[in-house]
*Asks:* 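Just passing along the structure, written as structure tokens.
Positions are given from 1, in the same order as the sequence printed here.
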Amino acid sequence: MVAFVSLSLIPTILLFFVAVGFITNSVEHWFSAQVERSLQGSLEVAQTYYRDFANQMVSSARQVSRDVSRQGNFKGEKEKSLLKETLEVKRKEYHLSILGIIFKNEGTLMSVEDPKLQDFIFDPPQDLIQAGFSGKELSRNLSAGEGEMITGVAPIFNPSNEGEVIGVVTAIYFIPKSLSAKMREISQGFLEYKQLKILKKPIKFSYMLALLMVTLLIIFSAIWFGFRLSKEITTPIKDLAEATHRIASGDLNFRIQMKASDEIGMFIQSFNQMTEDLQVSRFELEQRRKYMEIVLKNVAAGVISIDERGVVTTINTSAEQMLEVKGNGVREKNFSEALPPEFVEEMNGLLNELKSSKKDSLEKQITLHLQGKSLSLMLNLTALKDEEGKPLGFLAVFDDLTQLIKAQRMAAWREVARRIAHEIKNPLTPIQLSAQRLRKRYMEKLQHDGTVFDECTQTIVKQVEELKEMVNEFSNFARMPASNPTPNHLNEIIQESLLLFKEAHKDVRFEFIPCELPILNLDRDQMKRVMINLIKNSLAAIDQDGEIKIQTSYDPKLQIVQLEVSDNGIGIPDEDKGRLFEPYFSTKKSGTGLGLTIVNAIITDHNGYIRVRDNKPKGTTFLIELPVGV
């Protein structure tokens with residue numbers, strides 16, 4: 001726009017100054033002294049012309065007056081005829097247009113005219129006639145039709161009495177319209193010149209002002225057109241710049257709403273087409289990304305991707321749950337700082353092994369202790385490379401084998417329990433029966449050693465009973481009967497189980513807080529066994545003045561019933577919580593380690609889940625979750 005305006009502004013300003021100089025010189029030339037002298041001379045010539053004719057008319061009238069005065073008598077018709085002939089002769093002699101006489105005593109006009117003015121009727125003004133009768137000689141310019149008349153008046157004196165005026169002679173010269181108009185134009189022109197000379201500076205200023213207005217109009221038009229022209233170029237570019245910025249910020253729905261037929265229009269059309277293609281591509285990429293996220297989110301295995309700098313780029317829900325971390329707090333951070341130390345230590349070992357072996361992937365089973373629980377993971381570490389073989393980072397995929405290993409251990413222990421029960425249970429009954437028969441038969445005969453014999457046989461019977469109880473536990477564990485669920489009220493089962501312990505343990509405070517629960521499909525006997533085992537565990541953990549609290553609740557949204565059994569006993573160490581439900585693991589000196597294992601098996605058969613946590617501020621809480629309608 002500046003370039004366009006400059007190209008228009010420079011010649012316009014130059015032309016303005018040239019025109020100002022030209023106007024100034026022209027105005028000065030118009031009002032020069034020579035022009036003024038010429039106009040003044042023309043005016044003086046016209047005035048002299050009129051003045052000479054006026055003097056001539058007065059002189060002609062005076063001469064005619066003298067001749068008429070010497071003639072004397074004019075009363076008869078003959079004398080009047082002779083007078084008229086004399087007037088015609090004088091008219092022609094003095095080149096007059098009209099020559100007339102008015103006698104005072106008659107009051108009528110006797111005149112002779114030029115034949116060219118035969119249609120003209122002359123009626124001299126009364127004031128002019130009265131001036132002649134008063135003895136004055138004077139002249140006057142009078143309008144007459146299409147011209148002017150220069151009229152001269154002279155009195156006629158009585159020959160016998162020179163002081164008496166007997167008549168008036170009027171001598172008239174007719175000036176045609178063309179000549180009188182020129183005379184008036186000369187006079188009017190000089191007058192206008194005088195007036196214009198007074199307005200010399202205003203005229204010059206008005207011309208300059210008009211020229212300045214035209215110049216400013218041209219400049220304004222150039223600026224307006226420059227803006228208009230520049231907008232046709234810069235507005236699309238500005239819209240393109242804004243569109244580029246919005247597209248760069250991620251708004252691919254933006255389109256330039258402008259139509260043009262030139263190259264810029266083609267450029268805008270191509271830009272909109274490119275944006276539309278980008279939007280389609282982005283939509284496809286977004287769909288693929290969402291699909292991959294959904295797949296990763298629902299994969300049971302934990303997946304973590306780490307770039308070549310060691311920064312975590314992807315972590316799925318399973319990995320977050322296994323490692324007990326939050327994705328927002330892990331992503332875009334170095335894995336050695338964001339992930340649990342034990343997991344990082346195992347990964348670093350695998351990374352070093354992967355680099356030294358020059359393999360693409362390695363697999364290793366690891367065991368982690370995270371916040372009081374033990375995890376057994378199968379970790380697979382794979383190096384990521386692009387098409388050219390450049391390293392992009394690595395991918396860690398790990399499966400939770402904890403439940404699988406527990407199931408394997410459970411199966412192994414059940415097999416062991418089955419064999420132990422089979423091998424031990426058969427000889428126990430004969431041993432017990434033999435001891436009882438020996439005691440019955442030889443008790444009375446052994447008088448001196450009767451006490452020793454009685455004690456030995458009682459010990460045998462008692463120990464056999466304990467072995468039977470242990471074998472029965474193993475047998476129950478090895479041959480867990482299939483659950484037979486029927487509609488039951490969980491609160492009633494809990495209430496029945498509590499009645500078995502309240503009378504026997506009056507020094508313990510039992511508190512049951514029931515919640516209104518729906519009817520569940522439960523195996524009544526197995527759930528009683530669960531409650532009995534959990535309450536026995538709590539009684540073993542508390543002192544004499546202890547408290548056991550049982551509470552039920554229902555979540556209608558999740559359709560889950562929760563059962564909590566809490567005590568204020570000695571609690572369970574964090575390192576033992578992970579193995580608490582394993583066979584033959586017990587924190588009690590006299591326990592078989594099968595009670596909680598049986599509880600876990602029963603809850604699992606009911607499609608439920610059991611976990612242990614600390615009861616603040618002291619003790620342990622077992623939380624059981626059972627689905628409704630299963």
Side-chain angles (χ1 to χ4, degrees), residues 462 465-517 519-554 561-572 580-581 583 586-606 608 610-612 615 618-626:
K462 184 178 179 180
E465 287 292 336
E466 291 181 359
L467 282 174
K468 277 187 176 183
E469 184 179 352
M470 183 181 296
V471 169
N472 287 332
E473 288 287 340
F474 277 105
S475 179
N476 290 332
F477 172 67
R479 296 193 309 273
M480 285 294 296
S483 61
N484 184 22
T486 57
N488 285 284
H489 290 280
L490 180 60
N491 290 334
E492 293 180 359
I493 297 174
I494 297 172
Q495 194 70 40
E496 291 176 4
S497 301
L498 280 175
L499 290 175
L500 300 176
F501 294 94
K502 283 185 177 181
E503 294 298 329
H505 301 276
K506 294 184 178 181
D507 55 341
V508 177
R509 293 190 303 277
F510 292 94
E511 183 181 1
F512 177 42
I513 305 175
C515 174
E516 186 175 351
L517 303 178
I519 297 176
L520 301 176
N521 289 327
L522 303 174
D523 189 316
R524 193 178 188 88
D525 294 334
Q526 290 188 358
M527 289 306 299
K528 269 189 177 181
R529 180 177 296 180
V530 168
M531 292 305 303
I532 291 171
N533 282 333
L534 291 179
I535 294 173
K536 280 184 176 181
N537 270 352
S538 297
L539 290 172
I542 62 177
D543 298 328
Q544 291 182 355
D545 189 16
E547 181 182 6
I548 296 176
K549 181 180 179 182
I550 301 174
Q551 184 175 357
T552 57
S553 61
Y554 172 58
V561 171
Q562 292 184 341
L563 167 63
E564 293 185 9
V565 179
S566 305
D567 62 67
N568 60 350
I570 58 175
I572 299 173
L580 199 59
F581 299 103
S586 176
T587 58
K588 299 180 293 183
K589 294 181 179 180
S590 61
T592 61
L594 295 176
L596 291 178
T597 305
I598 294 172
V599 168
N600 186 33
I602 293 173
I603 297 300
T604 302
D605 288 343
H606 283 78
I610 182 172
R611 56 181 180 269
V612 62
N615 182 28
K618 181 184 178 183
T620 305
T621 297
F622 287 92
L623 176 62
I624 297 175
E625 294 179 349
L626 296 172

*Asks:* Is it the case that the side chain of N600 and the backbone of I598 share a donor-acceptor pair, with hydrogens and angles ignored and the cut-off at 3.5 Å?
*Replies:*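 Absent.
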*Asks:* State which residues pass side-chain contact (heavy atoms from CB on, under 4.5 Å) with I513; sequence neighbours excluded, sorted by chain then number.
*Replies:*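 side-chain contact (heavy atoms from CB on, under 4.5 Å) check on I513 returns E511, K549, Q551.
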*Asks:* Nearest 0.5 Å, what's the CG-CG distance between L522 and D605?
*Replies:*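 Reported value, rounded in 0.5 Å steps: 12.5 Å.
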*Asks:* Determine, step by step, whether L539 and H505 satisfy the side chain to side chain contact (heavy atoms under 4.5 Å, CB included) criterion, reporting the C-alpha distance in whole Å, the side-chain angles of both residues, the deciding distance to 0.1 Å, and the verdict.
*Replies:* CA-CA 9 Å; L539 290 172; H505 301 276; 3.6 Å; yes
*Asks:* Taking all non-hydrogen atoms of both residues, which atom of E516 and which atom of Y554 are closest, and how far apart?
*Replies:*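 Where E516 meets Y554 most closely, the heavy atoms are O-CB, 4.3 Å.
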*Asks:* Indicate yes or no for a side-chain donor-acceptor contact from H606 to the backbone of D523 under 3.5 Å, with no hydrogens or angles considered.
*Replies:*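 Flag set: sc H606 to bb D523 pair under 3.5 Å.
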*Asks:* Under 3.5 Å, is there a donor-acceptor pair between the N491 and T552 side chains?
*Replies:*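 There is such a pair (donor and acceptor under 3.5 Å, judged by atom type) between the side chains of N491 and T552.
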*Asks:* Testing L596, N533, V599 one by one against F622 for a side chain to side chain contact (heavy atoms under 4.5 Å, CB included), which residue passes?
*Replies:*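 Of the listed residues L596, N533, V599, the side chain to side chain contact (heavy atoms under 4.5 Å, CB included) partner of F622 is L596.
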*Asks:* Would you call N521 and T486 a side-chain contact if the rule is heavy atoms closer than 4.5 Å?
*Replies:*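 No - every pair of side-chain heavy atoms lies 4.5 Å or more apart.
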*Asks:* Rounded to the nearest 0.5 Å, what separates atom OG1 in T604 from atom CD1 in I610?
*Replies:*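 It is 8.5 Å, given to the nearest 0.5 Å.
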*Asks:* Within the structure provided, determine whether Q562 and I624 are in side-chain contact (heavy-atom separation under 4.5 Å).
*Replies:*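 Of all side-chain heavy-atom pairs linking I624 with Q562, none is under 4.5 Å.
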*Asks:* How far does CD1 of I603 sit from CG of L534, to the nearest 0.5 angstrom?
*Replies:*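 It is 7.5 Å, given to the nearest 0.5 Å.
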*Asks:* Please assess V561 against E625 for the test side chain to side chain contact (heavy atoms under 4.5 Å, CB included), listing each intermediate value before the final yes or no.
*Replies:* CA-CA 6 Å; V561 171; E625 294 179 349; over 6 Å; no
*Asks:* Determine whether a donor-acceptor pair (N or O, by modelled atom type, separation under 3.5 Å) exists between the side chain of N568 and the backbone of E547.
*Replies:*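 Yes: the side chain of N568 pairs with the backbone of E547.
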*Asks:* Just how far is it from atom CG of L563 to atom OG of S553, taken to the nearest 0.5 Å?
*Replies:*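 Here the rounded value is 8.5 Å.
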*Asks:* For F501 and V508, run side chain to side chain contact (heavy atoms under 4.5 Å, CB included): C-alpha distance rounded to whole Å, both residues' side-chain angles, the deciding distance at 0.1 Å, then the answer.
*Replies:* CA-CA 9 Å; F501 294 94; V508 177; over 6 Å; no
*Asks:* Can you find a heavy atom in the side chain of E492 that is under 4.5 Å from one in the side chain of R524?
*Replies:*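 E492 reaches R524 side chain to side chain.
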*Asks:* Are T620 and N615 close enough, and set up right, to give a side chain to side chain contact (heavy atoms under 4.5 Å, CB included), and what steps lead you there?
*Replies:* CA-CA 5 Å; T620 305; N615 182 28; 5.5 Å; no
*Asks:* Using 0.5 Å steps for rounding, measure from the CG atom of L626 to the CG atom of L490.
*Replies:*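 Nearest 0.5 Å value for the CG-CG distance: 6.5 Å.
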*Asks:* Between CD1 of I535 and CD1 of I550, what distance do you get to the nearest 0.5 Å?
*Replies:*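 It is 4.5 Å, given to the nearest 0.5 Å.
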